[in-house]
Protein chains: 2
Amino acid sequence: MKAAHKPRSEMIAETRAKLIAAGRRAFATTGYANASMDDFTAEAGLTRGALYHHFGDKKGLFEAVLAQIDQEMCVRLNEISARAKTRWQGFLDENIAYIEMALEPEIQRIVLRDGPAVLGDPAQWPNANACISAITANLVALKAEGLVRDIDAEAMARLISGASLYAAQWIANSEDPDATSIKAVKAFRALMEGLLVAGRPAN
Amino acid sequence: MKAAHKPRSEMIAETRAKLIAAGRRAFATTGYANASMDDFTAEAGLTRGALYHHFGDKKGLFEAVLAQIDQEMCVRLNEISARAKTRWQGFLDENIAYIEMALEPEIQRIVLRDGPAVLGDPAQWPNANACISAITANLVALKAEGLVRDIDAEAMARLISGASLYAAQWIANSEDPDATSIKAVKAFRALMEGLLVAGRPAN
DNA sequence: TCATTGACATACGCCACGTATGTAAGTGGC
DNA sequence: GCCACTTACATACGTGGCGTATGTCAATGA
């Protein structure tokens, strides 16, 4: 008896998942440009034929990989902000978590380095906007509560996420990431406290 | 009579300059990955042979192009901060100028998009550090004057330049760059004012 | 059961990079 | 002023990677 045949749709999903996983590993380790489609599809027990069938081209697979990572990031961020006691704390936690995620080599390479070069400005990616939107929504709520000053929320959200990402890059490439991380987070908190309405205690 | 022979060293400098200029144009318009060395060297009246001789490889030429652009940016920034009446104003002007420079397509593409993918983290580039250093030095001085709060200057400089860059990306890709630019600069000013010692007027 | 669809593999051509080699012009010693 | 030598390039070649066109076989549905 041959191995039980799963329904076709399952086989397809499995193939897609294998390709995405293989591509993800290759992109993360050798980078987009140096990742050979022949190599990493073979690693997944397939050929480029499968890749072109499902994703159109190399860039298409990269988009799928990025979408997967983005999704994971968003889930993690939402969990963190949901756990916080106050909205302000959730806001801080979420952003600091963002910084810390950006320390992971896979995210560094795929999302922060190759992503923009291959797919263009991250702000245009469907999900990056989702993350920005979350920060924006938080700021709007915080403004409504009278906690933060009256500033255009989206603009500020962009500035904040930029600062976070850059902080992450700095940390990841520093000689002593732990020490740098402490300094960065501290500076980030200070920057955020500047947003509070004067005299209002940060809680 | 043949064309007057310039000394060899001049010819070499000229060749290098021509290659850098041609590469710069190609990288800016089609991007690093899509720029064909055969094409743009021919455009400069040369071949890949010259390129390999002077720059080692494609990446080597890219580094040279980036160094040239970086240099130009630094000169412009220094001029701007030098023109300001107060140190705080110079600090603001310089950063806002940074945002505005990041709107230029050439800088977007070469410095902000392809640069990190080809050469790695910008914070490690020799010159990016020079720009960061300038911001850091400004912050140190502002702290000494008692104008801004006591925050690790380098960390804050990193956060600020990250915010600037991201703001620029946002502006460049928005539907109405002018309107977005106004919002971004306003938010940036607000973010910076949060750094001031409480009660201190920004001048 | 048979026609059809679709998921993949195979085969091919092209382009681009890098290297090895060639050549001609410039440079320094005598 | 000639000659050995260096050096700034051009030319020629091999290789590898991408994309496309084509083939094949299994799964589905009437």
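Below, chain A is the first sequence line, B the second, and so on; all start at residue 1. Please read all numbers here as calculations on a predicted model, not as lab measurements.
Residue B:H53 has no polar side-chain atom (N or O) positioned under 4.0 Å from OP1 or OP2 of D:dC9. One finds a side-chain N or O of A:T15 lying less than 4.0 angstrom from the OP1 or OP2 phosphate oxygen of C:dC8.
The separation between A:L61 atom CG and D:dG19 atom C1' is 15 Å, rounded to whole Å. D:dC18 atom P lies 15 Å from atom CZ of A:F55, rounded to whole Å. We find that CG of A:L19 is positioned 13 Å from C1' of C:dA9, with the value rounded to whole Å. Straight-line distance from the CE atom of A:M11 to the C1' atom of D:dC25: 13 Å, rounded to whole Å. Residue A:L46 contributes atom CG, which lies 16 Å from atom C1' of D:dC25 at whole-angstrom precision. Between the CD1 atom of A:I12 and the P atom of C:dC8 there is a distance of 6 Å, given to the nearest Å. Atom CG of B:L51 is separated from atom C1' of D:dA10 by 13 Å (rounded to the nearest Å).
Using a distance-only test at 3.5 Å, with no hydrogens or angles considered, no donor-acceptor pair links the side chain of B:D93 to the main chain of B:I80. Under the 3.5 Å distance criterion, the side-chain polar atoms of A:R149 are matched with a main-chain donor or acceptor of B:A190. Remark: the backbone N or O of B:N78 is not paired with any side-chain donor or acceptor of B:R83 at under 3.5 angstrom. A donor-acceptor pair under 3.5 Å links the side-chain atoms of A:K143 to the main chain of A:I151, judged by distance alone.
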Going 5' to 3' through nucleotides 11-22 of chain C, assign each nucleotide B (protein heavy atom under 4.0 Å from a base atom), S (under 4.0 Å only from sugar-phosphate atoms) or - (no protein heavy atom that close).
B----SBBB---

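Taking the six-membered ring where tryptophan is involved, the planes of B:F27 and B:F62 are perpendicular, since the angle between them exceeds 60° and thus also 30°.
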side-chain contact (heavy atoms from CB on, under 4.5 Å) between B:L147 and B:L196: does it pass, once the steps are laid out?
CA-CA 6 Å; B:L147 243 159; B:L196 292 168; 3.5 Å; yes

